[in-house]
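Take a look at the structure below.
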Amino acid sequence: QVQLVESGGGLVEAGGSLRLSCVGSGIIFSGSRVAWFRRSPGKQSEWVATITAEGDTRYGDVAKGRFTITRENSKNTVYLQMNSLEPEDTAVYYCNAAYTIWGQGTQVTVSS
């Protein structure tokens, strides 16, 4: 069974930081493209960041230079470091692998 599990979300104050994790099972991340998306109720999903199998990274406009996506292949894990968080970043953050596999999401709430 292929499964992605996100963690690391929580409640933070504006200007704070969080480090999200996406752990895969039944899939080898070192050979997969992994991306982060986010969604708030009643809003369309937003692309946050992508890291390719080769380690290349790309970011959506919402990152605004504040976010960093990284791999730790020995742990089959992809991270999303988020700094300088704003209330607008409040959303459920989802991990996506190989375009079609999704995790359950982790809630990020930024207070003002």
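Note that the structure is predicted; figures quoted are calculated from it, not measured. Residue numbers count from 1 along this sequence.
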Show the nearest heavy-atom pair for residues [X] and [Y], with the distance to one decimal.
X     : Y      : result
Asp89 : Ser84  : OD2-O, 4.4 Å
Tyr59 : Phe67  : CE2-O, 3.4 Å
Ala91 : Gln107 : O-NE2, 3.4 Å
Phe29 : Ala97  : CE1-CB, 4.2 Å
Thr50 : Ala35  : OG1-CB, 3.4 Å
Gly31 : Ala53  : C-CB, 3.7 Å

Scan the side chains in residues 13-21 for donor-acceptor partners under 3.5 Å anywhere in the protein, sequence neighbours excluded, and list what turns up.
residue, atom, partner, partner atom, Å
Ser17, OG, Asn83, OD1, 2.9
Arg19, NH1, Gln81, OE1, 3.3

- [ ] Working to the nearest 0.5 Å, report the span between CG of Asn76 and CD1 of Ile27.
- [x] 8.0 Å
Task: Spacing of Asp61 atom CG and Glu46 atom CD [to the nearest 0.5 Å] - done: 10.0 Å
Task: Val108 vs Arg38, side chain to side chain contact (heavy atoms under 4.5 Å, CB included): CA-CA, chis, key distance, verdict - done: CA-CA 9 Å; Val108 171; Arg38 72 186 191 187; over 6 Å; no
same_hphob_cluster([X], [Y]) at 4.5 Å side-chain heavy-atom cutoff:
X      : Y     : answer
Phe37  : Met82 : no
Val34  : Val92 : no
Tyr94  : Trp36 : no
Trp47  : Tyr93 : no
Ile101 : Tyr79 : no

Donor-acceptor list for residues 1-12 side chains, cut-off 3.5 Å, not counting sequence neighbours:
residue, atom, partner, partner atom, Å
Glu6, OE1, Gln104, N, 2.9
Glu6, OE1, Gln104, NE2, 3.4
Glu6, OE1, Gly105, N, 2.8
Glu6, OE2, Cys95, N, 2.6
Glu6, OE2, Gly105, N, 3.4

- [ ] Answer yes or no: is there a donor N or O on one side and an acceptor on the other, between the side chain of Thr57 and the main chain of Ile51, under 3.5 Å?
- [x] no
Task: Heavy-atom neighbours of Asp56 CG exceed 12 at 6.0 Å - done: yes
TODO: Not counting sequence neighbours, which residues clear salt bridge (Lys or Arg N to Asp or Glu O under 4.0 Å) with Glu88? List them please.
DONE: none
